[in-house]
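Below: one structure, written as structure tokens.
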Amino acid sequence: MHIVLDASGPDAVQASTIGDDVSPPPADRRVLARSELAAFVRAREAEEPRPRWVWSDSRVWYAPLLAAGVRVERCVDLRLCHAILRASSFTAGTALAAAPVGPWDTAVTIEQEAHPDAHTALFELDAPAPGATPSALDEFRQQQEAVAASSDPGRLRLLLAAESAGALIGVELRHAGLPYSAERHDDLLTELFGARPAYGRPAVLEALVAEIRAGLEAPDLNPDSPPDLLRALQRAGIMVTSTRSWELRRIEHPVIAPLLRYKKLSRLLAANGWAWLDSWVRDGRFRPDYVPGGVVTGRWATRGGGALQLPKQVRGAVVADPGWKLVVADAAQLEPRILAGLSGDQAMASAGRGKDLYEGIVASGAVEERAQAKVAMLGAMYGATSGESGRLMPRLARSFPRAVRLVEEAARAGERGEIVTSRLGRSSPPPGGSWRAAQGAASASDSTAADERRARTLARDWGRFTRNFVVQASAAEWALCWMAELRNRLAALAPGAELTDAPHLVYFLHDEVIVHTPEALAAASAEAVVAAAQQAGRLLFGGFPVDFPVTAAVVDSYAEAK
DNA sequence: CACGGGTGCGCG
DNA sequence: AAAGCGCGCACCCGTG
């Protein structure tokens with residue numbers, strides 16, 4: 001059963017109840033005052049079977065519900081599902097895919113323009129004004145039609161359900177927040193920089209700047225300016241072509257040590273210093289703005305707060321509440337395992353049976369050392385052409401021909417300008433106009449060698465993107481299934497409890513999750529994490545025997561895990 | 001003064 | 001060891 005929510009006025013919501021066959025008119029259709037919505041949803045969630053809520057955008061509809069203490073089990077996030085169905089090769093030729101660009105394609109932009117400050121907007125966002133967005137019911141019907149007419153309705157249904165679950169989780173993560181000790185963070189900063197300065201650089205950084213200026217005999221040097229710094233280095237006889245740390249690290253010169261130290265410290269201060277603490281941590285919680293589906297591959301993005309770049313250096317400030325624990329879990333070698341499943345490569349799957357896939361590759365005899373196995377796998381998935389990684393490719397291809405063939409074919413398709421598709425049906429965007437123009441110019445009768453070189457470079461670049469897309473996008477699908485399963489299992493550990501009174505997800509990082517749980521349920525939460533990973537593997541790859549081991553550490557602080 | 005591209009570095 | 005995928009963010013600097 002579905003209940004479709006539509007804004008039907010500034011203060012009114014229309015709720016239409018429809019069955020699994022979405023074509024007949026709604027069995028029930030009612031208009032509610034917005035103030036009645038939370039109670040209505042709460043009541044429906046208490047009945048069996050629970051409905052699947054169908055709405056335009058989970059951030060708009062779900063955040064106020066959560067704020068009112070109401071959780072939902074399932075939804076359809078029409079905006080996210082629309083984006084998938086528009087682009088998927090599975091739905092090519094359906095009415096939805098063929099329709100001209102419409103409001104469902106631009107909804108995000110409209111919201112962003114109306115509410116540029118997403119940080120505060122989350123809880124203030126209103127449902128789209130009537131007329132701004134066409135009927136959710138109509139859109140839902142068109143989406144169902146597209147799925148039914150697609151080449152693989154089963155996989156697409158799973159993808160849409162997982163994507164929608166992700167949308168709910170994104171809102172819940174923001175609502176719960178990551179338990180974060182501002183005090184510990186402040187202690188760390190104070191230890192590194194001294195007391196917080198009222199303005200300007202902390203004394204520690206100022207001293208390093210003085211040391212660097214003296215060492216390079218450049219009294220006015222601004223070490224934050226790469227061109228300025230590069231000139232000063234070269235004047236001092238240090239022949240580097242950039243100011244990147246890894247390049248500087250190879251130079252022997254007394255100025256290098258303070259310079260590298262300055263770079264490391266100033267980076268930490270700029271990205272996660274006191275200013276970051278002030279804007280993003282409040283009441284013991286870090287609340288970043290997650291954007292499910294924000295990356296072309298279906299990975300999540302973040303807007304503000306930099307949640308997906310939380311440096312290892314500060315993870316000690318992520319601490320469980322008293323009487324609570326963190327379950328920190330990550331999927332071991334997720335992407336190579338995904339590749340094994342995608343390609344049906346039995347040899348690679350068996351290399352990954354048990355714990356460490358890279359050790360398994362060594363045991364298979366393809367390479368001698370774990371580090372080689374890792375660099376070779378990454379090279380295969382990213383399209384390395386040179387260096388150690390490039391040299392190892394033939395050996396990898398000999399031992400794992402199916403896996404390597406799959407990524408090679410994805411790369412060739414991209415080079416031809418074709419789209420590629422993930423396990424469950426997310427397709428890559430086609431290359432843009434300038435890409436096509438460059439290919440056209442290279443094959444024209446009057447093309448120059450430069451035209452051809454440029455076209456070839458662009459084609460190879462795009463091939464590396466599509467090569468990686470099939471793996472990264474499928475891994476993102478696995479992660480969504482993992483989290484969706486986990487969310488259900490955690491909810492079952494404490495039926496009826498409010499989100500933050502029971503074990504709940506507080507962090508997600510591509511192949512890693514953190515659960516915040518009362519101590520008594522920590523072991524059960526850790527088991528749920530592991531079981532959910534196995535279920536995700538079955539959802540994506542059915543009976544194909546590829547393992548997805550996850551480590552699940554029960555800890556007080558994020559820094560204690562691995 | 002705002003904006004956009006480039007650089008560098010944090011994460012997976 | 002430092003190229004090969006996907007990001008976000010701070011900062012610099014040139015341009016309008």
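Order of the sequence lines fixes the chain letters, A, B, ..., with proteins taken first and strands second; residue numbering starts at 1 for each chain. What you see below is based on every heavy atom in this structure, not just the backbone, and it leaves out hydrogens, waters and symmetry mates. All values derive from a computational prediction rather than experimental measurement.
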A:Arg391 CZ to C:dA1 C1': how many Å, rounded?
-> 11 Å
Does A:Arg460 CZ have over 12 foreign heavy atoms under 6.0 Å away?
-> no
Would you mind classifying the nucleic acid contact of A:Arg467 as base, sugar-phosphate or nothing, using non-hydrogen atoms under 4.0 angstrom?
-> nothing
Step through the shown structure and confirm whether more than 12 heavy atoms of other residues, nucleotides or ligands are within 6.0 Å of CZ on A:Arg412.
-> yes
Could you summarise the pairing of DNA chain C as dot-bracket text, marking Watson-Crick and G-U pairs under 3.5 Å with ( ) or [ ] inside the strand and | across strands?
-> ....||||||||||||
Between A:Tyr180 and A:His185, what is the ring plane arrangement, given parallel below 30°, perpendicular above 60°, and tilted in between?
-> tilted
Whether each nucleotide of nucleotides 6-16 of chain C has a protein heavy atom under 4.0 Å at its base (B), only at its sugar-phosphate (S) or at neither (-) is summarised, 5' to 3', as BSBSSSSS---
Starting at CZ of A:Arg261 and ending at C1' of B:dC9, how long is that distance when rounded to a whole Å?
-> 18 Å
Output yes when A:Glu335 and A:Arg299 qualify as a salt bridge under the 4.0 Å nitrogen-oxygen rule, no when they do not.
-> yes
Spacing of A:Arg460 atom CZ relative to C:dC5 atom C1', expressed in whole Å = 17 Å
What do you reckon, are the aromatic ring centroids of A:Trp276 and A:Phe286 less than 6.0 Å apart?
-> yes
Within the pair A:Thr243 and B:dT7, is there a side-chain N or O less than 4.0 Å away from OP1 or OP2?
-> no
Within the pair A:Lys263 and B:dC9, is there a side-chain N or O less than 4.0 Å away from OP1 or OP2?
-> yes
Using whole Å, report how far CG of A:Leu178 lies from C1' of B:dC11.
-> 15 Å
Return the value, rounded to whole Å, for the distance between atom CG of A:Leu339 and atom P of C:dC5.
-> 17 Å
Note, A:Pro336 side chain near A:Met381 side chain (heavy atom, < 4.5 Å) | yes
Of the listed nucleotides B:dG12, C:dA3, B:dG8, the one nearest the side chain of A:Trp246 | C:dA3
Could you tell me whether A:Arg315 contacts a base, only the sugar-phosphate backbone, or nothing, with contacts defined as non-hydrogen atoms closer than 4.0 Å?
-> sugar-phosphate
Sugar-phosphate, base or nothing in reach of A:Leu334, heavy atoms under 4.0 Å | nothing
Please examine the side chains of A:Val318 and A:Leu310, heavy atoms only from C-beta on, and report whether any two atoms are closer than 4.5 Å.
-> yes
Whole-Å distance between B:dG12 P and A:Asp330 CG?
-> 9 Å
Evaluate the side-chain proximity of A:Phe508 to A:Met483: yes if any heavy-atom separation is below 4.5 Å, no if none is.
-> yes
Does A:Lys312 place a side-chain N or O at less than 4.0 Å from the phosphate oxygens OP1/OP2 of B:dC9?
-> no
Between B:dG10 (C1') and A:Leu269 (CG): distance, integer Å = 14 Å
Measure the shortest side-chain to side-chain distance between A:Arg155 and A:Phe90 over non-hydrogen atoms and say whether it is less than 4.5 angstrom.
-> yes
So among A:Glu408, A:Glu409, A:Glu415, which one has a salt bridge (charged side-chain N to carboxylate O under 4.0 Å, His left out) with A:Arg467?
-> A:Glu408
Interatomic distance where CD belongs to A:Glu335 and C1' belongs to C:dG4 [whole Å] = 13 Å
